[in-house]
Structure formats: structure tokens, C-alpha cells
Amino acid sequence: MRRTGDEPKVAIVTPVYNGAAFLADAVESVLSQSYANWEYVIVDNGSTDATFEIALQYAKRDGRIRAVRTLPHLPIIENWNRALGLVAPDAEYIKELHADDLLMPNCLAAMVTVLERHPGAGMAGSYCLYDAAVTNIGVSLGKELVAGAEVIRRTLIGEWWLFGAPSNVMIRASVLRAMGPEVYDCSLRHADLDLWYRILERHDFGFVHQVLSCERTHDESQTNTFTARYSTLALEHFGFLRRFGPRLLDRDTFARAHRRLRRDYRRRIARRMLGGAGREYWAYQKRRLAAFDYHLGPSDLVAGLFAEIGRWLLDAQHAASSRAKLAEKLVRRASQLAHVWSRAAQRALAARHLVLRQRFYQALWRPRFDRASSSF
């Protein structure tokens, strides 16, 4: 039994790569916590900017902070696993904090309180400030414990979204340790959601009805780069329904949810292919869906095209928005192509001038040019 007044230790982990522009704010949000018994491990994934130097400065300032530089550079999910492996064995709760996110001052205290009050909860979440909007809404006000299976079911069918990013949740350390040394599935882009589903299949979910974290977006974030380019959210949401739905949804509910998500996914890939996504995009979709036992073929693209045309005909606002996005993509691609051709022309012109200055060229062609000029 824990003695009265003892605080369980919380391990905060920040796996980061080239996060110098945001890291200091994240660390300051940890230092401002009202909860005192924490350790903070900042794991630099071989950054090429000042990330590690910033982490070192804070480690010198507060003994609870450790700055670790790891090499070689790893893909993002593999680095998450490596970072979690550096947590101290006496930590009772684990809180990931991405370098571009922030914690509110009472975040650790509030989440520890709800997890201590409910030993059957494997993880806890809260409201989140996503730029200027409050997200992770769904749990009835005043209810702080939800059955894990209910959270999965209602998330799969699109009624709830209670997680946000890893920065928005706290996980009981014993639950993670029981899952082995690599808790994240490195074959997935959204391995965090897969992990939370696996936890909630066996444990309840604690929820704090307060805004306890802030998720910031920017042009270099995962959401705005690879995730957006390859439609990974739509792809893996559909895949997770196929993986977890048959175990947690009744047959009719699963069938309805499957039809809806497949239709939405097909429409998305049809739009992307019409926008010039290309073979690489299609190959990625096909390869990743095979892991969820779904064979992506031309019929999916055709069905998505017809579904999108139907949506255009029935929803004028959607049609206008889609046309605007398509026009923006075409203009952007045309601009990129023009830039490529311009650079090629500049290189060709530079090469031409270089040749004209060479002695062998002047010796070979200049006498001929002079004779031709004198004949006029």
C-alpha cells in the first residue's frame, strides 16, 4: 500500500527529431506542472538542428530531466518504442508529450487522480485544445470511467473521438510493460491508435472533463506531411474497423460501419488519384490494406469515382469545395512543373555559355563564323 501523501511517479517522454522551434515551450509546460513527482526523458532522434542542445540546457537546470541523444536515426514509430524503453522502472504512469504540444499546469495531477481512483483504468484522457478548438468530446459530463470496449465500439462507428494525439493521454506503466518491449506496431502509421485499442480491449478508460493539453499543428508536422499526402488516417481507420470491429461490434453494426468507411475511403482515393496522386500513392494504399486482409483493386477506384460524382450532384457545397481543392492542386502542380522546367532551362543555358567559352569550341567554330560573315 502507498503511504498517505506519497505521489506515484510519472514518466514523461518526448521522442523528438528536429524540434528546436517547439521543444522549449513543451519543456516549460512540464516545469510548470503542479504535480512534483515526475521524471522527464527527452529522446533526440539524431536531430540536425539545436534540439539536443536545448534538451541539455534544461537537463542542467532540473535534475528530473534527462537528455538522451540516440543514433542511428530511426523511423518515427521505432523511435517511439526506443524512447519508452528509457523510462525508469519505478515509474507508475507514463505520459508522452510530443515536442510541438503543451501540457496545462494541472495535467499530471488531474490524470493521476483519476487513474488512482479507478485501478481498472489502463489509460486516461481529457479534453484537448487543438489550435483554437476543443476536441476529444463525447463522454457525458460527470462520467469519469468508461468501459474500454464501449470506447472502441463508439470510436469505430464514428460517434466518439476521445484520444487526439499521444500527448493527450496517460497510460498505466504496468499495462505497457505487460505488452512487451515494443508496444507500438512499427508497420502502422497510426500505431498510437492501435495501441490504445489493444489496451482498451482489456482495461477501462478514465476521463478528465478539463482541457489538459494543447496540440499544435504546423507545416512540418506529421499530420501535414506524409499523413496528408498518403491519406493514412482514412486508410488505417478503415483497417482498424476490419481488425477490431468483428470482435467488438455485432454483425449488423459492423456491416453498416464497414460500408460507410469503405465508401468514404474509396471516395478519398478517387479524389486523390484524380488530383494526380500517381502510382506510388496507389501502391502504398494497396500494400497497407493487404495487412488488414483487404485487396484493393480497380473496382474500388471506380466505385469511389461514382460515389464522388453522386456526392457532387447531391451536395452543391461539397462540389464547390472539391472543385476548389482540385483547382488548387492543379495550380500547385503546374507551378512545380514550371519551376522544374525553368531550372532545367537555366542549367541548359549555363551549360551552353560554358561550352561557348571553351577554347576547343572557339578554335573549331569561330573561323567558320568569320568566313561566313565576310561573305556578306
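The chain is numbered in sequence order, starting from 1. Owing to the predicted nature of the structure, the values given are computational and were not obtained by experimental measurement.
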Check this for me: [X], atom [atom1], are more than 12 non-hydrogen atoms of other residues, nucleotides or ligands nearer than 6.0 Å?
X	atom1	answer
Glu159	CD	yes
Phe292	CZ	yes
Arg279	CZ	no
Asp293	CG	no
Arg202	CZ	no

So if you build clusters from Ile, Leu, Val, Met, Phe, Trp, Tyr with side-chain heavy-atom gaps below 4.5 Å, do [X] and [Y] land together?
X	Y	value
Val169	Phe244	yes
Trp38	Met111	yes
Tyr184	Met179	yes
Val41	Val16	no
Leu212	Leu103	yes

Find out whether [X] and [Y] are in side-chain contact, i.e. whether some heavy atom of one side chain is under 4.5 Å from a heavy atom of the other.
X	Y	result
Phe22	Asp101	no
Cys128	Ser213	yes
Trp160	Glu150	yes
Tyr40	Leu31	no

| task | Please test Leu188 against Ile77 for side chain to side chain contact (heavy atoms under 4.5 Å, CB included), starting from the C-alpha separation and ending with a verdict. | result | CA-CA 8 Å; Leu188 298 170; Ile77 305 301; over 6 Å; no
Between atom [atom1] of [X] and atom [atom2] of [Y], what is the distance when rounded to the nearest 0.5 Å?
X	Y	atom1	atom2	result
Phe163	Met123	CZ	CE	5.5 Å
Trp161	Thr155	CH2	OG1	7.0 Å
Thr232	Tyr284	OG1	OH	5.5 Å
Thr70	Arg82	OG1	CZ	3.0 Å

| task | Go through the steps for Ile65 and Lys60 under the test side chain to side chain contact (heavy atoms under 4.5 Å, CB included), then give the verdict. | result | CA-CA 8 Å; Ile65 300 175; Lys60 293 175 182 178; over 6 Å; no
| Does the pair Arg69/Asp44 count as a salt bridge with the N-to-O cut at 4.0 Å? |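 Judged by the 4.0 Å cut-off on N to carboxylate O distance, Arg69 and Asp44 do form a salt bridge.
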| said: Check whether Tyr230 forms a cation-pi arrangement with Arg189 (NZ or CZ under 6.0 Å from the six-membered ring centre, at most 45° off the ring normal). | reply: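 Judged by the rule, Arg189 and Tyr230 form no cation-pi pair.
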| field | Expected output: side-chain Arg64 to main-chain Ala36 donor-acceptor under 3.5 Å | value |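 Checked: pair present.
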| request: For Asp194 and Arg243, work out which heavy atoms get closest and say how close. | output: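 Minimum heavy-atom separation between Asp194 and Arg243: OD1-NH1, 3.4 Å.
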| task | Mind listing the closest non-hydrogen atom pair of Asp185 and Ala191 along with its distance? | result | O-CB, 3.4 Å
| Ser29 and Leu97: CA distance, side-chain angles, deciding distance, side chain to side chain contact (heavy atoms under 4.5 Å, CB included) verdict | CA-CA 10 Å; Ser29 78; Leu97 172 62; 4.1 Å; yes
| field | Evaluation steps, ring-ring contact (aromatic ring centres under 6.0 Å, His included), between His98 and Trp80 | value | CA-CA 10 Å; His98 288 183; Trp80 289 5; 5.1 Å; yes
| field | Test salt bridge (Lys or Arg N to Asp or Glu O under 4.0 Å) applied to Arg216 and Asp25, step by step | value | CA-CA 11 Å; Arg216 297 183 290 180; Asp25 289 339; 3.3 Å; yes
| Does the ring-ring contact (aromatic ring centres under 6.0 Å, His included) test come out yes or no for Tyr294 and Phe238, once each step is laid out? | CA-CA 10 Å; Tyr294 186 88; Phe238 179 47; 5.2 Å; yes
